[in-house]
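See structure below.
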Amino acid sequence: MKPYLYLSAFMILLAGTAEPSAAGDLCGCLCHCTTPPCETCPDCGDPCASCLRMPTLCDSAHAVKLMEQLKSDCACCARIKAAEKLGCRLHADFCACPEILDALIHALQCDTCWEVRRAAAWAIAMQGARVLKGVAALYVASKVDRHYMVRDRATDALGILILCRNKCYADLFKAADALIPRIRPEYDPTNGKCACWMIASLCDGAGHAEVPLVPLSSPPIVEPTKDKQ
């Protein structure tokens, strides 16, 4: 509790001692960053430009180690922990290391362990990765993942990520709705069947009502490493 009291006192002191114009800028920044935008005028800006986004406490080498663990560790529990840590801003920040989001999206799409996919979905939201590919990955997972707990977690994560910003991604959702029926019959990451190309395809066609039809057989489906029993 004390750290929050100290932070509040510091912000009050800073606002009170600043020049009128500077105090006004500070107030405007705080209001912009803490108040959800209205639906009629959503804030579609860069999530990494937020004035209240705290930097990570760990260096990039730590994030790289976690990403490697998430990608290649044979133990499901170890990959779950890696996904959870990659979602924690104390361990990693996708704004400083964009590869973090790519690793989480790959885990969400392709990991054979549903618990890892669920952890990756939540990690994307906790990173505040409100960019096209982050939103697209959660939206697709909420619709097509065959495990209901992954779909539920992806739905919750998406709701947090785009709160009051649905209109920013209207074209993306239209493109996803056109693509999802084509991938649903063959998409089964638990059994090693995932289509890594689909998020890139969605982001490329996000500005259009339709997404170019890409055969499911090209690019080939990636066969991830399965868990050792």
Side-chain angles (χ1 to χ4, degrees), residues 28-29 31-53 87 89 93-95 98-110 117-187 189 194-216 218-219:
C29 178
C31 293
H32 171 74
C33 294
T34 60
T35 305
C38 61
E39 274 296 316
T40 57
C41 184
D43 174 18
C44 302
D46 181 3
C48 295
S50 172
C51 60
L52 294 183
R53 188 174 182 90
R89 293 287 307 285
D93 182 5
F94 96 98
C95 291
E99 293 80 6
I100 292 171
L101 179 57
D102 295 331
L104 290 173
I105 290 175
H106 185 273
L108 176 59
Q109 289 183 286
C110 298
R117 301 199 301 274
R118 181 180 63 174
W122 194 247
I124 292 173
M126 295 300 97
Q127 276 290 341
R130 186 170 36 85
V131 294
L132 283 181
K133 59 184 178 181
V135 173
L138 289 175
Y139 187 78
V140 170
S142 71
K143 301 293 184 182
V144 304
D145 197 284
R146 298 198 178 189
H147 201 290
Y148 75 96
M149 293 192 74
V150 179
R151 295 196 303 272
D152 286 351
R153 184 55 59 91
T155 300
D156 292 342
L158 184 64
I160 291 174
L161 198 60
I162 64 170
L163 179 65
C164 295
R165 296 180 174 91
N166 297 59
K167 292 184 179 180
C168 299
Y169 308 98
D171 290 337
L172 177 66
F173 295 153
K174 288 180 182 179
D177 290 337
L179 181 62
I180 284 172
R182 297 181 53 246
I183 66 173
R184 180 179 278 117
E186 299 183 29
Y187 181 68
C194 68
C196 294
W197 55 268
M198 61 184 173
I199 299 303
S201 177
L202 282 174
C203 293
D204 290 341
H208 309 281
E210 298 181 358
V211 175
L213 297 181
V214 179
L216 285 177
S218 177

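Sequential numbering from 1 along the given sequence is applied to the chain's residues. Just so you know, these numbers use all the heavy atoms, side chains as well, and skip hydrogens, waters and symmetry mates.
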Taking C-beta and beyond as the side chain, do Asp152 and Met149 meet within less than 4.5 Å on heavy atoms?
no
For residues Phe94 and Cys48, report the shortest heavy-atom separation together with the two atoms involved.
CZ-SG, 3.8 Å
Rounded to the nearest 0.5 Å, what's the gap from CZ on Arg118 to CG on Asp156? Could you check?
11.0 Å
Closest heavy-atom pair and its distance - Ala154, Ala141
CB-CB, 3.9 Å
Checking Arg184 now: which residues fulfil side chain to side chain contact (heavy atoms under 4.5 Å, CB included) with it, not counting sequence neighbours?
Lys143, Val144, Ile180
For Tyr139, the ring pair (Phe, Tyr, Trp, His ring centres under 6.0 Å) test, sequence neighbours excluded, returns Phe173
Salt bridge (charged side-chain N to carboxylate O under 4.0 Å, His left out) filter on Asp145, not counting sequence neighbours, yields Arg117
Residue pair Ile100 / Asp93, side-chain heavy-atom distance below 4.5 Å:
no
Evaluate side chain to side chain contact (heavy atoms under 4.5 Å, CB included) for Gln109 paired with Tyr187, printing each intermediate quantity in order.
CA-CA 9 Å; Gln109 289 183 286; Tyr187 181 68; 3.9 Å; yes
Using residues 131-138 as the side-chain source, report each donor-acceptor pair under 3.5 Å to any protein atom, sequence neighbours left out, with the distance given to one decimal.
| residue | atom | partner | partner atom | Å |
| --- | --- | --- | --- | --- |
| Lys133 | NZ | Asp102 | OD1 | 2.6 |

Show me the pairs that pass ring pair (Phe, Tyr, Trp, His ring centres under 6.0 Å) and involve residues 144-170, at least two apart or across chains.
Trp114-His147
Those residues at least two apart in sequence (or on a different chain) that pass side chain to side chain contact (heavy atoms under 4.5 Å, CB included) with Ala123 are Leu104
What are the two closest heavy atoms between Ala157 and Ala121, and how far apart are they?
CB-O, 3.5 Å
Specify the closest pair of heavy atoms between Trp122 and Arg153, including all atoms of both residues, with the distance to one decimal.
CE3-CD, 3.2 Å
